[in-house]
Amino acid sequence: MEKSSPMTKTPNKKSKLIIGAGYIRESTTDQDKGYSPANQERQIKDYADHHGIDVKFWYKDLITGTSVVKRDDFNQMITDAEQGKFEIILIFHTSRFARNVQEARKYKTLLREKIGIDVVSITQNFGDWQNPSAFLNEGVNELFDEHYSRQLSFWVRGGLAEKRLQGYQHGNPPF
């Protein structure tokens, strides 16, 4: 028997609010693309208000990189999820959750299939994660997230190598 996701419920005025968590992540290279923490939080709150979700828990990591290993709030969110503190996690965009397909699948499988907590991107309408088309759409977007991360890293490394060849210094001078 399939578990129903919190987003398959249609709350009305008399129904119980869904207890949610909001996850915000920013990396400095994304600040100019609308991923600022304030923008993410505002949009998550608006989405929650319109969908009967009471976001009682907020997690915020302001760190670059693709791996969740160094993201303290992400790891605390997973621990709190395992303790049943909320029913759903709202994220601004799939790239804010993970930019690594393997980690995205690992944690979404843990949350959705083992714990019963959905992860919903408020800016990407994938639909019910149990639907094969939604699964495919979300997976393709996660693949693009990882591709973008790898592409950006490739370009930055190339640019830094060129600066080095031209004799320019990287970073601050040593003391």
Side-chain angles (χ1 to χ4, degrees), residues 3 5-8 18-51 53-153:
K3 284 185 176 179
S5 121
M7 289 313 297
T8 60
I18 298 165
I19 303 302
Y23 180 67
I24 295 167
R25 186 174 72 86
E26 174 191 72
S27 55
T28 56
T29 57
D30 290 324
Q31 286 180 313
D32 64 338
K33 295 184 179 77
Y35 293 150
S36 74
N39 182 50
Q40 290 179 56
E41 184 174 347
R42 181 181 50 75
Q43 291 201 41
I44 288 171
K45 284 179 180 177
D46 289 347
Y47 181 94
D49 288 345
H50 287 93
H51 290 88
I53 301 167
D54 183 10
V55 180
K56 290 191 179 222
F57 300 90
W58 288 95
Y59 304 91
K60 185 186 300 184
D61 286 309
L62 307 178
I63 186 169
T64 61
T66 57
S67 177
V68 301
V69 173
K70 295 179 182 176
R71 291 196 256 151
D72 294 335
D73 269 22
F74 183 92
N75 291 300
Q76 183 62 54
M77 177 179 68
I78 298 300
T79 299
D80 290 350
E82 292 171 326
Q83 294 172 2
K85 292 186 176 182
F86 44 81
E87 303 169 71
I88 190 169
I89 297 170
L90 300 178
I91 57 176
F92 180 74
H93 188 274
T94 55
S95 66
R96 304 302 79 209
F97 186 78
R99 279 198 177 163
N100 173 305
V101 173
Q102 186 176 4
E103 284 186 340
R105 290 289 99 210
K106 173 185 171 183
Y107 286 102
K108 286 178 182 175
T109 298
L110 169 71
L111 290 163
R112 291 171 171 162
E113 296 177 18
K114 294 186 173 59
I115 303 173
I117 295 174
D118 200 358
V119 179
V120 174
S121 167
I122 64 159
T123 58
Q124 300 159 293
N125 185 12
F126 300 126
D128 183 353
W129 64 270
Q130 295 172 332
N131 178 300
S133 294
F135 174 81
L136 176 63
N137 192 2
E138 184 176 53
V140 167
N141 277 270
E142 290 165 351
L143 185 61
F144 278 118
D145 294 339
E146 183 169 345
H147 168 73
Y148 174 76
S149 180
R150 288 173 182 248
Q151 185 70 62
L152 188 60
S153 178

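What you see below is based on every heavy atom in this structure, not just the backbone, and it leaves out hydrogens, waters and symmetry mates.
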Test item: I18 and H51 side chains (from C-beta on) under 4.5 Å apart, heavy atoms: no

Main-chain N/O of A98 paired with R25 side-chain donor or acceptor, under 3.5 Å: no

Check: N39/Q43 side-chain N/O donor and acceptor closer than 3.5 Å: yes

Stepwise side-chain contact (heavy atoms from CB on, under 4.5 Å) test for W129 and K108: CA-CA 10 Å; W129 64 270; K108 286 178 182 175; over 6 Å; no

Neighbour count >12 (heavy atoms, 6.0 Å) for atom NZ, K70: no

Between OH on residue Y59 and CZ on residue R71, distance to nearest 0.5 Å: 14.5 Å

Gap between atom CD1 of I88 and atom CD1 of I53 - 0.5 Å precision: 4.0 Å

D61 side chain to Y23 side chain, donor-acceptor N/O pair below 3.5 angstrom: yes

Closest heavy-atom pair and its distance - R105, T109: O-OG1, 2.7 Å

Minimum heavy-atom distance between S121 and F126, given as atom pair plus value: CB-CE1, 4.2 Å

Residues, nucleotides or ligands: over 12 heavy atoms within 6.0 Å of Q102 CD: no

Minimum heavy-atom distance between V55 and A21, given as atom pair plus value: CG1-C, 3.9 Å

Straight-line distance of S133 OG to D128 CG, nearest 0.5 Å: 11.5 Å

Shortest non-hydrogen contact between I91 and T94, atoms and distance: CD1-CA, 4.0 Å

Approximate separation, where rounding is to 0.5 Å, of D73 CG and I24 CD1: 9.5 Å

Side chain to side chain contact (heavy atoms under 4.5 Å, CB included) partner of M77, chosen from I117, D72, I89: I89

Aromatic ring proximity, centroids under 6.0 angstrom, F74 and Y107: yes

Straight-line distance of E26 CD to Q40 CD, nearest 0.5 Å: 7.5 Å

S95 backbone acceptor or donor facing H93 side chain under 3.5 Å: yes

CD1-OG1 distance between I44 and T123, expressed to the nearest 0.5 angstrom: 9.0 Å

For I19 against K85, the heavy-atom pair lying closest together: CG2-O, 3.6 Å

Minimum heavy-atom distance E142-V101, with the two atoms named: O-CG2, 3.6 Å

